[in-house]
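Scroll down for the structure; my scribbles are underneath it.
These figures come from a predicted structure and were not determined experimentally. The figures that follow rest on heavy atoms only: side chains count, while hydrogens, waters and symmetry mates do not.
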Amino acid sequence: LARGNALMHKYLKNGINAFTYKTSCAAELSRGMKKILALSAAEKKSIGANARETVFKKIIWMFLPVNLLKNIVTKVKELK
């Protein structure tokens with residue numbers, strides 16, 4: 001469940017890799033949570049996998065310093 005601001009709408013697709021909301025009012029957050037709770041286990045797993053892929057392939061790079069990212073990539077490669 002993520003705030004669907006202008007930047008995030010570029011990456012988040014409602015019902016595919018996230019559930020988005022426009023305002024932080026309790027009613028809208030509650031509706032989003034109810035949508036998630038109503039999903040089957042397979043749907044939750046699929047959306048969760050899509051969300052992780054989006055974060056690691058697209059979003060995370062916008063917020064982390066380049067040197068830190070290089071270190072993370074190096075460490076992940078070492079684990080393989």
Side-chain angles (χ1 to χ4, degrees):
L1 192 55
R3 177 92 188 254
N5 61 32
L7 177 63
M8 289 298 113
H9 273 298
K10 181 176 179 179
Y11 302 105
L12 302 180
K13 305 299 178 209
N14 202 29
I16 304 297
N17 62 0
F19 283 97
T20 59
Y21 60 92
K22 294 179 184 173
T23 64
S24 296
C25 74
E28 192 164 354
L29 291 171
S30 177
R31 279 191 296 274
M33 292 170 71
K34 286 178 183 176
K35 285 181 186 178
I36 293 168
L37 291 171
L39 296 173
S40 69
E43 290 169 317
K44 289 175 190 171
K45 186 174 182 177
S46 175
I47 291 172
N50 292 340
R52 280 187 295 282
E53 180 178 357
T54 300
V55 168
F56 289 116
K57 288 188 175 179
K58 298 177 181 176
I59 296 173
I60 198 169
W61 310 111
M62 295 184 302
F63 300 105
L64 293 177
V66 174
N67 288 336
L68 177 58
L69 292 174
K70 288 179 182 177
N71 289 337
I72 292 170
V73 170
T74 300
K75 295 294 181 187
V76 169
K77 286 180 180 178
E78 289 173 1
L79 294 174
K80 292 180 179 181

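Considering every non-hydrogen atom in both Lys22 and Glu28, the closest pair reads N-OE2, 2.7 Å. Asn17 approaches Tyr11 most closely through the heavy-atom pair ND2-O, 3.0 Å. Minimum heavy-atom separation, Asn14 to Phe19: OD1-CA, 3.1 Å.
No more than 12 heavy-atom neighbours from other residues, nucleotides or ligands sit within 6.0 angstrom of NZ on Lys45.
For the pair Ser46 (side chain) and Ala42 (backbone), a donor-acceptor distance under 3.5 Å is absent.
One finds the CD1 atom of Ile72 at 11.0 Å from the NZ atom of Lys75 (value rounded to the nearest 0.5 Å).
Taken together through direct or relayed side-chain contacts under 4.5 Å among Ile, Leu, Val, Met, Phe, Trp and Tyr, Leu29 and Leu39 form part of one hydrophobic cluster. In the hydrophobic clustering of this structure, Met33 groups with Ile47; members are Ile, Leu, Val, Met, Phe, Trp, Tyr whose side-chain heavy atoms approach within less than 4.5 Å, directly or through other members.
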